[in-house]
Amino acid sequence: NKIRLQKIEKIKLVGEMAAAVAHEIRNPLTVVKGFTQLFRNDENLTDKQKSSLELMDSELVRAEKIISDYLTLARSESKQQEPIDVREILANTVKVIEPYAVLNDVIIANQLDRSYYIYGNRSDVGQVFLNMIKNGIEAIEGKGHVTIGAREMGQNVEIDIRDSGRGMNEDEISRLGTPFYTTKDQGTGLGTMVCFKMIDDLKGKFDVKSNVGKGTTITITLPLMKKGDHDLTNR
Ligand code: ADP
Ligand code: MG
């Protein structure tokens with residue numbers, strides 16, 4: 001038990017350090033990015049120089065993406081908690097991701113027709129839905145759809161995010177959420193890991209059902225808000 005506690009302390013420390021380092025690295029990255037963009041406007045560049053600058057730029061974007069994912073992961077305590085309507089958050093998230101879906105020939109069908117109140121951090125919850133819907137879109141080759149539904153189950157709300165994408169086999173499912181596990185050229189392999197952490201913070205559950213070649217259904221179970229939840233805050 002003592003070893004377990006020491007381990008948790010260690011993970012916390014590593015998390016704090018990662019956050020501090022990520023924060024410090026972001027500034028020089030921004031400076032370098034500014035210069036690559038400046039140089040790209042130079043008309044005397046050769047094609048080779050141009051493509052090198054483009055590569056530098058896309059790698060910088062990638063580094064920034066990794067840092068963003070880590071920063072959200074590290075911050076966990078002292079996050080503001082408030083009552084959230086799942087329907088409202090999902091509607092917002094769909095609005096944000098819609099252009100990306102259109103670009104990828106994917107139709108998003110949001111089937112929520114009532115409110116479900118949960119208690120947690122607004123931006124975390126939005127981030128979880130965004131990551132999951134984005135994965136659904138990215139799993140689809142050609143035309144397809146992502147369908148979002150929800151239902152009340154006892155003290156919980158179950159939210160389904162179903163896609164008509166390529167699906168995953170058992171091995172792929174078991175690797176889901178492992179840091180840096182990605183099958184995408186532009187992936188970070190951090191999205192699902194961050195979601196697992198956030199869902200855990202919300203005292204929720206994550207479930208995945210998938211059929212290779214047919215699609216995937218992600219089910220996120222979150223505790224519905226109880227009467228006392230609001231008063232328990234120290235605001
Ligand atoms: P990333 O999206 O950056 O690759 P994630 O942690 O979000 O990182 O996902 C890890 C991997 O899990 C993806 O690269 C993909 O192979 C697989 N995956 C996640 N969601 C789905 C899905 N809905 N359908 C098929 N594969 C998925
Ligand atoms: Mg992802």
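All ligand and atom numbering here is 1-based and tracks the order in the structure. Along the sequence shown, residues are numbered consecutively beginning with 1.
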**Student:** Thr46 side chain to Gln49 main-chain N or O, any donor-acceptor pair under 3.5 Å?
**Tutor:**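 Yes: the side chain of Thr46 pairs with the backbone of Gln49.
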**Student:** At what distance is the nearest protein heavy atom to atom 7 (O) of ligand 1, and which residue and atom is it?
**Tutor:**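 Heavy-atom neighbour on the protein nearest atom 7 (O) of ligand 1: Asn135 ND2, 2.8 Å.
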**Student:** Which residue in the set Thr216, Thr183, Asn211 passes side chain to side chain donor-acceptor pair (under 3.5 Å) when paired with Arg166?
**Tutor:**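 That would be Thr183; it is the only one of Thr216, Thr183, Asn211 passing the side chain to side chain donor-acceptor pair (under 3.5 Å) with Arg166.
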**Student:** Between Arg175 and Glu170, does any side-chain N to carboxylate O distance fall below 4.0 Å?
**Tutor:**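 Judged by the 4.0 Å cut-off on N to carboxylate O distance, Arg175 and Glu170 do not form a salt bridge.
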**Student:** Can you tell me which portion of Thr216 lies within the under-4.0 Å heavy-atom range of ligand 1? Options are side chain, backbone, both, or neither.
**Tutor:**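 Thr216 to ligand 1: side-chain contact only, backbone stays beyond 4.0 Å.
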**Student:** Ignoring hydrogens, what is the shortest heavy-atom contact between Ile140 and Gly142? Give both atom names and the distance.
**Tutor:**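 Minimum heavy-atom contact is CG2-O, 3.4 Å.
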**Student:** Mark up the atoms of ligand 1 that fall under 4.0 Å of a heavy atom belonging to Thr192, in ascending order.
**Tutor:**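 Those atoms are 5 (P), 6 (O), 7 (O), 9 (O).
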**Student:** Go through ligand 1 atom by atom and flag the ones less than 4.0 Å from a non-hydrogen atom of Arg166.
**Tutor:**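 In order of numbering, the contacting atoms are 15 (C), 16 (O), 26 (N).
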**Student:** Under a single-linkage definition using a 4.5 Å side-chain heavy-atom cutoff for Ile, Leu, Val, Met, Phe, Trp and Tyr, are Ile199 and Tyr181 assigned to the same hydrophobic cluster?
**Tutor:**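 Unlinked, Ile199 and Tyr181 end up in two clusters.
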**Student:** Using a plain distance cutoff, I'd like to know if Gly189 has any nitrogen or oxygen under 3.5 Å from a nitrogen or oxygen of ligand 1.
**Tutor:**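 There is such a contact, yes.
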**Student:** Closer than 4.0 Å to some heavy atom of Thr188 - which atoms of ligand 1 meet that?
**Tutor:**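 Here the atoms of ligand 1 in question are 3 (O).
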**Student:** Which of the numbered atoms in ligand 1 are below 4.0 angstrom from a heavy atom of Gly187?
**Tutor:**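 Near Gly187, meaning under 4.0 Å from one of its heavy atoms, ligand 1 has 3 (O).
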**Student:** For Tyr116, enumerate each residue passing the ring-ring contact (aromatic ring centres under 6.0 Å, His included) test, keeping only those at least two apart in sequence or located in another chain.
**Tutor:**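 Checked Tyr116 against ring-ring contact (aromatic ring centres under 6.0 Å, His included); zero matches.
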**Student:** If you have a sec, work out which protein heavy atom is nearest atom 4 (O) of ligand 1 and how many Å separate them, to one decimal?
**Tutor:**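 Nearest protein contact, heavy atoms only, for atom 4 (O) of ligand 1 is Thr182 OG1, 2.5 Å.
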**Student:** Answer yes or no: is there an ion pair linking Lys209 with Asp207, defined by an N-O contact shorter than 4.0 Å?
**Tutor:**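 Yes, charged N to carboxylate O under 4.0 Å.
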**Student:** Mind jotting down which residue pairs meet the side chain to side chain donor-acceptor pair (under 3.5 Å) criterion with at least one end in residues 94-113? Sequence neighbours excluded, please.
**Tutor:**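 Qualifying pairs, neighbours excluded: Tyr100-Glu138.
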**Student:** With a cut-off of 4.0 Å, which atoms of ligand 1 are near a heavy atom of Ala139?
**Tutor:**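 With Ala139 as reference, the close atoms of ligand 1 come out as 22 (C), 24 (N), 25 (C).
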**Student:** Run through the protein N/O/S atoms less than 2.8 Å from the Mg ion (ligand 2) and write them out by chain and number.
**Tutor:**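 Checking every protein N, O and S atom gives Asn135 OD1.
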**Student:** Identify the protein heavy atom lying closest to atom 12 (O) of ligand 1, giving its residue, its atom name and the separation to 0.1 Å.
**Tutor:**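 Result: Leu176 CD1, 3.2 Å.
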**Student:** How does Asp163 reach ligand 1, by side chain, by backbone, by both or by neither, if only non-hydrogen atoms under 4.0 Å count?
**Tutor:**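 Asp163 to ligand 1: side-chain contact only, backbone stays beyond 4.0 Å.
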**Student:** Less than 4.0 angstrom from a charged side-chain N to a carboxylate O is my criterion; do Asp57 and Lys33 meet it?
**Tutor:**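 Salt bridge absent between Asp57 and Lys33.
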**Student:** Just to verify, what does Arg151 make a side chain to side chain donor-acceptor pair (under 3.5 Å) with, not counting sequence neighbours?
**Tutor:**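 Scan of Arg151 (side chain to side chain donor-acceptor pair (under 3.5 Å), adjacent residues dropped) gives Glu158, Asp160.
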**Student:** Side chain, backbone, both or neither: which applies to Ile218 and ligand 1 if a contact is any heavy-atom pair less than 4.0 Å apart?
**Tutor:**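 For Ile218, there is no contact with ligand 1 at all, from either part.
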**Student:** So does Asn169 get a backbone contact from the side chain of Glu172, meaning a donor-acceptor N/O pair under 3.5 Å?
**Tutor:**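 Indeed, once roles are kept as given, a pair shorter than 3.5 Å links the two residues.
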**Student:** Considering residues, nucleotides and ligands other than Ile107, do more than 12 of their heavy atoms fall under 6.0 Å from its CD1?
**Tutor:**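 Count not over threshold, so no.
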